[in-house]
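What follows is a short report on a single structure.
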Amino acid sequence: MTRKFKEEAVIIRQEEIANDIYSMWLHTDQIAESAQAGQFVGVYCRDGSRFLPRPISICEIDREDQAIRIVYRVAGKGTDEFSYMRTGMPLYVIGPLGNGYPKRTEKAFLIGGGIGIPPLLQLAKELDCEKEIILGYQNRQVFLSDQFEQYGNVHIATQDGSLGVSGNVLDVIRDKQLEANVIYACGPMPMLQALKRYAQEKEIECWISLEERMACGVGACLGCVCKSVHKDEHTHVNNKRICTEGPVFDAREVEIG
Ligand SMILES: Cc1cc2nc3c(=O)[nH]c(=O)nc-3n(C[C@H](O)[C@H](O)[C@H](O)COP(=O)(O)OP(=O)(O)OC[C@H]3O[C@@H](n4cnc5c(N)ncnc54)[C@H](O)[C@@H]3O)c2cc1C
Ligand code: FES
């Protein structure tokens, strides 16, 4: 398990990269050094009435300049508050939290849906293998897709058919007859369920990142459990804490339907 740090980070820059989607680079003293692709940070609000940190995936890591990038959608009061923050402002963050993606060397699918796309960018940078990167969006308001291009073959799916393949990420695989030996995915639950089934049919490895509402973010409150095939060492029941045993799981290990 990686050591976690709570620190006062400083905002290097923040910009809106699509409607209500923001990219923020943060200078950290220690988090960037040990963070891995697929891990997340807890970002604290400055408004004291919202004391629990908001879990946000690490999108990119710049270890040389001790910086991390997060990309988030404004979903409620906490993320709305972050969206008004400017360069030079301090922000408390805790991390790196959870476990990242294991890195294989066989040909890989990197599959992201909506706001699940950000953590795959750092993974795309780090994986040393052939990559088919499939990004699913609602419509042509895409984000980050251009930055993936230097790391593999990028394919886009849009639900409304306004860009790329019309439909979802599995429609891309079928339409283009793509194949790979391992899947890394992050996105909405129906997408992860479909990918789990696809991986079972094809008998390939599938690593999925799960999201759940979180409270402590560090394994203490059991507020984020999902059903697992094997018993959890901590509670001795068929549960896994997404914040500590996840968010990345072998799809065979978790019961997501
Ligand atoms: C491991 C992990 C990684 C995440 N990474 C990202 C990311 O990279 N970018 C991003 O935009 N969001 C990410 N999320 C979701 C993000 O944590 C929530 O959108 C955020 O906490 C909402 O906070 P808020 O105060 O703005 O909204 P709230 O007022 O707390 O809630 C507003 C809405 O967001 C929903 N929500 C709250 N918490 C979560 C959650 N944990 N998961 C899903 N929905 C939630 C609520 O049900 C509600 O509908 C991640 C969540 C987890 C668990
Ligand atoms: S959020 Fe508290 S145990 Fe996961």
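Every number for a ligand or one of its atoms is a count from 1 in the order of the listing.
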- line: For G78, the ligand 1 atoms with a heavy-atom partner under 4.0 Å come out as 24 (P), 25 (O), 26 (O)

- prompt: Any idea which of E212, E81, Q39, R213 brings a heavy atom closest to atom 47 (O) of ligand 1?
  reply: R213

- prompt: Quick one: do the R54 and T79 side chains pair a donor with an acceptor below 3.5 Å?
  reply: no

field: Option whose closest heavy atom lies nearest to atom 29 (O) of ligand 1, chosen from P119, S209, G76
entry: G76

message: Among F82, Y72, F40, which one puts a heavy atom closest to atom 1 (C) of ligand 1?
response: F40

- line: The protein heavy atom nearest to atom 17 (O) of ligand 1 is P55 O, 2.6 Å

- prompt: Are any of the N or O atoms of D80 closer than 3.5 Å to those of ligand 1?
  reply: no

- line: for atom 4 (Fe) of ligand 2, nearest protein heavy atom and its distance come out as C224 SG, 2.2 Å

task: Give the contacting part of I70 toward ligand 1: side chain, backbone, both or neither, where contact means a heavy-atom distance below 4.0 Å.
output: neither

Sub-4.0 Å atoms of ligand 1 with respect to non-hydrogen atoms of I115: 9 (N), 10 (C), 11 (O)

message: Counting backbone and side-chain atoms alike, is an N, O or S atom of C243 positioned under 2.8 Å from atom 2 (Fe) of ligand 2?
response: no

- request: To the nearest 10 degrees, could you say what angle atom 2 (Fe) of ligand 2 makes with SG of C221 and SG of C216?
  value: 110°

- line: Ranked by distance from atom 32 (C) of ligand 1, the top protein heavy atom is A75 O, 3.2 Å

task: Pick, from M189, R54, R50, the option with the minimum heavy-atom distance to atom 23 (O) of ligand 1.
output: R54

- request: Tell me which protein heavy atom sits closest to atom 3 (S) of ligand 2, plus the residue, atom name and distance to 0.1 Å.
  value: L222 N, 3.1 Å

